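Below is one structure, written out as structure tokens, with a few remarks after it.
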Amino acid sequence: MAQQTTYSDNGNGHVAVSSGSSGEQYDDSGTQEFTAQDSGSGAESGDTDTLEALGLEQLQEAGGSSSGDQSGDDSGLEDFDSSDGSYEFSDTEGEDYQEFDGGFDEFDDDGGDSGGGGGEYQSDEGRISIIGDEQKVAEAYIASFPGEDVVQEVVIGRDDRKQVRNTRPFPYRAIVQLSIEAKNGRRYVGTGWLVSPRTVITAGHCVYLHGAGGWAKSIQVTPGMNNTSKPYGSARATAFRSVRGWVKGKSRDYDYGAIILPKSHPLGRRTGTFRYASVPDRIMLRKYVNICGYPGDKGGKTQWYHARRISRITSKRLTYQIDTAGGQSGSPVFYRRGRLRVAVGIHTSGSMSGNAGTRINSSVKANLRRWAREGR
Amino acid sequence: MQTINGKLVDQYGAPVADATLSIVRASAPVPDIAMLSDHAGRFYLDDFPNGSYRLQVTVDGISEAVDFTVPRPTASLTIRINR
């Protein structure tokens with residue numbers, strides 16, 4: 001297992017840890033901000049609900065004419081300007097990524113045999129089957145868990161996901177496909193999103209795989225992948241970040257992490273970057289939010305999105321009825337604010353009670369900012 | 001909670017490599033990460049809660065789904081896909 005480097009320790013699950021594979025050492029414990037100054041400023045400009053939800057953005061950008069300019073209303077925030085493929089980072093100490101129009105909530109985010117002979121189960125399609133005693137297994141399951149025999153949906157109801165046909169416009173180009181090789185050689189597909197030239201945010205379980213040897217061996221990062229097309233190139237990364245709550249605690253509440261790209265591959269300079277924010281409940285519940293990523297049921301090499309309102313919020317988790325599938329772990333949960341895209345969560349899991357992700361609260365935001373600075 | 005050792009084979013029993021396997025329906029929360037089968041057709045479902053699931057298998061332009069349940073008596077799941 002790779003060496004882990006602890007940045008700082010304030011006694012909760014958000015203590016950042018590193019794969020140690022970069023050979024870099026960090027000692028900036030004095031700058032960690034676990035209690036954010038949630039004093040956002042600036043009026044919200046225009047309708048902030050996403051247009052991706054309506055498919056309009058795709059129609060507008062189908063010709064690939066979008067500038068991807070994010071430099072509109074920035075309310076004095078740090079500026080990630082992708083308008084011309086350049087990147088700016090105004091590193092003003094104490095400045096915050098907070099978005100929205102003031103009055104931010106404070107979040108409490110501390111601490112956080114049924115043997116039998118043979119047989120074959122046939123699906124309706126008849127082209128795929130489970131070899132063995134599946135029917136008896138299913139009967140045993142139903143007997144053990146009455147009332148739970150119905151397979152609930154991760155793709156909820158009708159599959160409303162839409163394919164991003166052109167991944168070159170922002171924000172699609174800032175969303176990356178992850179080809180993950182675990183320490184034990186297993187391979188997985190996930191999703192991430194760029195927040196600075198060399199920093200990709202994703203789910204914790206995409207960088208630290210508890211059942212597959214811990215820290216990933218390597219991850220191939222491809223922005224805007226579209227089948228065989230890699231319009232912004234690709235980079236192999238071996239430096240990863242997550243937090244103690246995930247690495248040691250395996251807690252879904254802390255399922256987030258980052259990939260630090262090699263210095264030779266500042267992919268975010270060309271793609272532009274997402275903003276991220278810790279957003280109060282009352283504002284969050286007003287929003288349509290998007291999830292855009294690389295679902296495995298579509299092959300894992302094409303980008304798909306869907307949008308709906310958030311249905312349930314806790315201080316650490318977001319739950320929504322947005323269709324997802326395996327491969328979309330690490331996708332940004334984001335809304336549109338003018339030309340900006342603001343992430344409020346990191347998609348992690350699917351279940352009958354709604355698909356869910358890690359909420360970007362003040363502690364998560366502090367770590368994202370730390371990791372973004374690493375990848376400047 | 002159970003870790004499932006999976007194997008994907010074709011109609012002749014030969015292993016199917018480089019298939020993308022993705023959970024599309026689940027009765028309990030599972031990570032939304034997709035798996036790729038290895039050269040021996042093996043794949044793994046780590047720490048799955050007891051429940052019922054639908055697994056979508058995508059390979060060579062074919063995409064098919066199969067339902068299964070956890071726990072499994074032998075912690076294994078062998079899937080045959082006709083190509």
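No experiment lies behind these values; they were computed from the predicted model shown. Every chain is numbered from 1 and lettered A, B, ... according to where its sequence line falls, protein lines coming before strand lines.
With no hydrogens or angles considered, no side-chain donor-acceptor pair links A:H210 and B:D46 at under 3.5 Å. With hydrogens and angles left out, the side-chain atoms of A:T324 and B:D32 include a donor and acceptor closer than 3.5 Å.
With a threshold of 4.5 angstrom between heavy atoms, B:S76 does not approach chain A through any atom at all. Within the 4.5 angstrom heavy-atom criterion, no atom of B:L21 approaches chain A. Proximity to chain B is limited to the side chain of A:I180, based on heavy atoms less than 4.5 angstrom apart. Looking at B:D60, neither its backbone nor its side chain comes within 4.5 Å of chain A, counting heavy atoms on both sides.
The choice from B:A28, B:G61, B:S63 that makes the most heavy-atom pairs within less than 4.5 Å of chain A is B:A28.
A heavy-atom distance below 4.5 Å is found between the side chains of A:I130 and B:F68. Side-chain contact between A:I131 and B:V9 is present, with at least one heavy-atom pair separated by less than 4.5 Å.
Note that A:R186 lies in the cation-pi zone of B:Y44, set by a 6.0 Å cut-off to the ring centre and a 45° limit from the axis.
With A:R187 contributing its side chain and B:M35 its backbone, the two residues share no donor-acceptor pair below 3.5 Å. Put simply, the side chain of B:R80 never gets that close to the backbone of A:S129: no donor and acceptor are under 3.5 Å apart.
Enclosure of atom NZ in A:K217 is not indicated, since only 12 or fewer non-hydrogen atoms of other residues, nucleotides or ligands lie within 6.0 angstrom.
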